[in-house]
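This report refers to the structure that appears directly beneath it.
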Amino acid sequence: MNTMQFRTAILIACLLLTGLSCKKKSNNPVNDLPPLTTTGANTFGCLVNGQAFLPKAAGVSGREPLNFSYEMINNKTSLIINVENSGSKGSAYIRLFINAAILKQGEDYTLASGYPLDDSPNGHYNYRGLQESYGTDYNTNNLVKGKLHLTYFDEKIASGTFSFDAVSEAGEKVKITEGRFDIKL
């Protein structure tokens with residue numbers, strides 16, 4: 001093997017090794033969401049119109065980006081999950097509310113009418129741009145519904161999946177999919 005062939009072989013080997021070590025970034029936003037767990041990891045994530053939505057606060061609101069409560073409301077056991085995502089382009093907020101005489105692991109809860117009208121299970125989304133004082137509310141209702149599945153529940157940990165469509169007063173829709181949460185109560 002002459003010097004030129006030897007150099008060509010080394011160059012090809014280096015290019016192959018370099019190419020093999022590169023990882024292609026996934027274009028699937030579901031990969032940006034936290035894994036489905038049932039350990040009380042205090043995680044939350046979903047897709048909002050196909051884009052990853054995770055708890056994130058820019059410090060403006062003064063509250064934690066993921067907060068929740070487990071309490072009695074109108075003689076029903078209620079789980080309320082509030083999530084904020086704020087940054088340089090504005091802020092968004094998701095609220096999930098389920099209640100029943102007894103919350104049960106393995107149950108599905110229909111997210112329909114409710115917030116802010118009554119205490120029925122519901123899903124709520126709000127988006128506020130930088131120049132807006134409050135933003136636009138999107139809610140589930142009797143025609144535009146969703147589902148929350150309580151994967152694990154033992155009064156110390158609540159884990160589940162959810163999806164819902166929500167509509168504004170102007171009739172605009174937002175689609176929430178691939179939702180998951182795992183919280184320590």
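Looking at residues two or more places apart in sequence or on another chain, you find a side-chain hydrogen bond (donor to acceptor under 3.5 Å, both in side chains) between S69 and E71. Remark: D165 pairs with K175 by the salt bridge (charged side-chain N to carboxylate O under 4.0 Å, His left out) rule, at least two apart or across chains. Every side chain to side chain contact (heavy atoms under 4.5 Å, CB included) that V167 has, sequence neighbours left out, goes to N141, V144, K173. For K104, the side chain to side chain contact (heavy atoms under 4.5 Å, CB included) partners are I102, E107, Y109, not counting sequence neighbours. Judged as a side chain to side chain contact (heavy atoms under 4.5 Å, CB included), and not counting sequence neighbours, the contacts of E155 are Y70, F153.
Here the closest heavy-atom approach between residue T136 and residue S168 is recorded as CG2-CB, 3.8 Å. Closest heavy-atom contact between A158 and L79: CB-CD2, 3.9 Å. Taking both residues in full, the closest heavy atoms of E178 and L33 are given as O-CD1, 3.6 Å, listed atom of the first, atom of the second, then distance. Of all heavy-atom pairs spanning S86 and S91, the tightest one is CB-CB, 3.5 Å. The two residues C46 and F162 make their nearest non-hydrogen contact at CB-CZ, 3.8 Å. Contact detail for Q105 and Y152: the closest heavy-atom pair is OE1-CD1, 3.4 Å.
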Exercise. Take K147 and D108, measure what side-chain contact (heavy atoms from CB on, under 4.5 Å) needs, and give me the verdict at the end.
Key: CA-CA 7 Å; K147 180 175 86 170; D108 289 332; 3.9 Å; yes
Exercise. Determine, stepwise, if the pair I183 / I157 fulfils side-chain contact (heavy atoms from CB on, under 4.5 Å).
Key: CA-CA 6 Å; I183 55 178; I157 294 173; over 6 Å; no
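The shortest side-chain heavy-atom distance between I80 and F68 does not fall under the 4.5 Å cut-off. In this structure, P121 and N99 have side chains that are in contact, with non-hydrogen atoms separated by less than 4.5 Å. Between I94 and F53 there is a side-chain heavy-atom pair separated by less than 4.5 Å. For the pair T161/L148, no side-chain contact is recorded, criterion being any heavy-atom separation below 4.5 Å from C-beta on. Two residues are said to be in side-chain contact when any heavy atoms from C-beta on lie closer than 4.5 Å; H124 and D137 meet this criterion. Annotation: side chain of P34 is not in contact with side chain of F44 (no heavy-atom distance under 4.5 Å).
Side-chain contact, T37 with D182: a donor N or O sits under 3.5 Å from an acceptor N or O. Side-chain contact of Y93 with N82: a donor-acceptor pair under 3.5 Å is present, judged by distance alone.
Of the possible polar contacts, one joining the N85 side chain to the L54 backbone as a donor-acceptor pair under 3.5 Å is found. Side chain of T110 to backbone of A112: no donor-acceptor contact under 3.5 angstrom is found. With hydrogens and angles disregarded, a donor-acceptor distance shorter than 3.5 Å links the side chain of N28 to the backbone of V30. The backbone N or O of I81 lies less than 3.5 Å from no partner atom in the side chain of N67, so there is not a single donor-acceptor pair. With hydrogens and angles ignored, the 3.5 Å screen pairs no side-chain donor or acceptor of R128 with any backbone N or O of A92.
Under the side-chain contact (heavy atoms from CB on, under 4.5 Å) test applied with L111, the options I176, L96, N139 reduce to a single match, L96.
Residues Y127 and L66 share a single hydrophobic cluster, defined by chaining ILVMFWY side chains whose heavy atoms lie under 4.5 Å apart.
Residue pairs that meet the ring pair (Phe, Tyr, Trp, His ring centres under 6.0 Å) test with at least one member in residues 163-185, sequence neighbours left out, do not exist here.
Of the inter-residue distances, the one linking D32 atom CG with Q51 atom CD reads 9.5 Å to the nearest 0.5 angstrom. The CD atom of E84 lies 10.0 Å from the CG atom of N126; values are rounded to the nearest 0.5 Å.
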